Amino acid sequence: MPKEKYNFFDDVFEVAKLIPKGRVTTYGAIAVYLGTRISARMVGWAINAAATEKDVPAHRVVNRAGLLTGKHHFGGNIMQNLLEGENIKIENDKVRNFTELFWDPSKELNI
DNA sequence: CCCCTGACGGGCG
DNA sequence: TCGCCCGCCAGGG
């Protein structure tokens with residue numbers, strides 16, 4: 001508990017909360033926003049833990065292809081259901097109009 | 001210390 | 001867009 005080794009966990013956690021409703025982002029975009037020092041894989045690892053322990057809209061985070069890679073971890077079609085509840089169309093486990101719905105933190109937040 | 005795995009991404013064809 | 005290969009970093013056995 002004295003050691004805060006999960007610093008980047010919290011970083012991903014904050015960024016994920018900033019994702020606007022009805023928008024999606026990618027693991028790589030978050031990694032770049034945090035400084036590239038962490039790989040996109042670590043972002044997925046972190047967001048997984050964050051979503052489990054915190055209330056993070058992890059369903060708005062998909063891979064670069066717009067594929068709902070984490071849907072299996074949500075269980076059933078929970079992830080797809082949440083996205084469709086935000087007017088995001090899902091087709092064949094992929095986000096429809098992904099490029100338009102894509103929300104880049106380092107571009108939109110400009111930090 | 002070594003090896004494998006993982007919600008990934010980029011390059012190439 | 002898809003398939004294949006490689007680099008990325010941390011954790012578990």
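All values reported here derive from a predicted model rather than from experimental measurement. A, B, ... follow the sequence lines: proteins, then strands. Residue 1 opens every chain.
- When atom types are taken as modelled, the side chain of A:N92 and the backbone of A:K94 share no donor-acceptor pair closer than 3.5 angstrom.
- When all heavy atoms are compared, the tightest approach of A:G66 to A:V62 is CA-CG2, 3.8 Å.
- In this entry the distance linking CZ of A:F98 with P of B:dC8 reads 13 Å, nearest Å.
- Set against B:dA7, C:dC2, C:dC9, the side chain of A:M42 has C:dC9 as its closest nucleotide.
- Between A:I38 atom CD1 and B:dA7 atom P the separation is 16 Å, expressed in whole Å.
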Show the distances under 3.5 angstrom between N or O atoms of the protein and N or O atoms of nucleotides 9-13 of chain B.
from, atom 1, to, atom 2, distance (Å)
B:dG9, OP1, A:G28, N, 3.2
B:dG9, OP1, A:R64, N, 3.3
B:dG9, OP2, A:R64, N, 2.7

Can you run through DNA chain C from 5' to 3' and write each base as (, ), [, ], | or . depending on how it pairs? Watson-Crick or G-U wobble, both distances under 3.5 Å.
.||||||.|||||
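- The CZ-C1' distance, from A:F9 to C:dG11, rounds to 10 Å in whole Å.
- Atom CH2 in A:W45 sits roughly 16 Å away from atom C1' in B:dC4 (whole-Å rounding).
- Whole-Å rounding puts the A:D93 CG to B:dA7 P distance at 15 Å.
- A:T26 approaches A:R64 most closely through the heavy-atom pair CG2-CA, 4.0 Å.
- Rounding to the nearest 0.5 Å gives a distance of 9.0 Å between CD of A:E108 and CZ of A:F102.
- Each of A:N77, A:T69, A:L67 was checked for a side-chain contact (heavy atoms from CB on, under 4.5 Å) with A:D93, and the lone residue meeting it is A:L67.
- Here the C1' atom of nucleotide C:dT1 and the NZ atom of A:K94 are 7 Å apart, to the nearest Å.
- What separates CG of A:N48 from C1' of B:dC8 is a distance of 14 Å, to the nearest Å.
- Comparing C:dC8, C:dC2, B:dA7 by their closest approach to the side chain of A:I47 singles out B:dA7.
- Nearest heavy atoms, A:A51 versus A:A58: CB-CB, 3.6 Å.
- With rounding to whole Å, A:L34 atom CG is found 17 Å from B:dC8 atom P.
- In this structure, the side chains of A:T25 and A:I30 come closer than 4.5 Å at one or more pairs of heavy atoms.
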Identify every side-chain donor-acceptor pair in residues 80-90 of chain A under 3.5 Å, counting partners at least two apart or on other chains, and give the distances.
from, atom 1, to, atom 2, distance (Å)
A:Q80, NE2, A:E84, OE2, 3.3
A:E86, OE1, A:G22, N, 3.2
A:E86, OE1, A:R60, NE, 3.0
A:E86, OE2, A:H59, NE2, 3.2
A:E86, OE2, A:R60, NE, 3.1
A:E86, OE2, A:R60, NH2, 2.7

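- Note on A:A51: a base of the nucleic acid sits closer than 4.0 angstrom, heavy atoms only.
- Checking side-chain atoms of A:Y27 against main-chain N and O of A:V61 turns up a donor-acceptor pair under 3.5 Å.
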